[in-house]
Amino acid sequence: MSRYDCDGQNFVAYLGGSIYSANQYTAEEIAEDAFVRITGDGDYSVTWKTGTQNAPVNCLFLQTNINYLAFGSEEELMKSEKERSPEDCGVAITIRSIRTGKPDETV
């Protein structure tokens, strides 16, 4: 199983995008230690180490393999895919901060 496959238990998140000349858009381009395993309610952190300082952030996104259609009340699960929305699934992701630091620092 790929580290990004969703089998109902193997949930992960990672940062993607483009920072200076470092680009990572797909799970295959991301180092294994840049993934965070999601095991339930709680706070999680992901880090993207670019090795450069003062680099422009061209694009930044948080990606997960959580299929929101697999979650929600029985009533929500009975609806068609077109009738569902992420807000109805009961899964909430809040980004608390985005920080930068020197290339050799973990922030």
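Along the sequence shown, residues carry numbers from 1.
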Closest approach of [X] and [Y], non-hydrogen atoms and distance?
X	Y	result
Tyr25	Ser18	OH-CB, 3.2 Å
Leu62	Ala13	CD1-CB, 4.1 Å
Arg37	Val12	NH1-CG1, 2.9 Å

Single-linkage hydrophobic cluster, 4.5 Å side-chain cutoff, [X] and [Y] together:
X	Y	answer
Val36	Leu15	yes
Val46	Leu60	yes
Phe11	Ile95	yes

Please determine, by modelled atom types, if Glu75 and Ser73 share a side-chain donor-acceptor pair under 3.5 angstrom.
no

Gap separating the [atom1] atom of [X] from the [atom2] atom of [Y], nearest 0.5 angstrom:
X	Y	atom1	atom2	answer
Cys59	Gln24	SG	CD	10.5 Å
Leu69	Lys79	CG	NZ	12.0 Å
Ile66	Ile38	CD1	CD1	4.0 Å

Name the orientation class of the two ring planes belonging to Phe35 and Tyr14 (parallel below 30°, tilted from 30 to 60°, perpendicular beyond 60°).
tilted

Taking only residues two or more places apart in sequence, or in another chain, which ones meet Leu77 in a side-chain contact (heavy atoms from CB on, under 4.5 Å)?
Arg84

Between Tyr44 and Thr39, is there a donor-acceptor pair closer than 3.5 Å when you use the side chain of the first and the backbone of the second?
yes

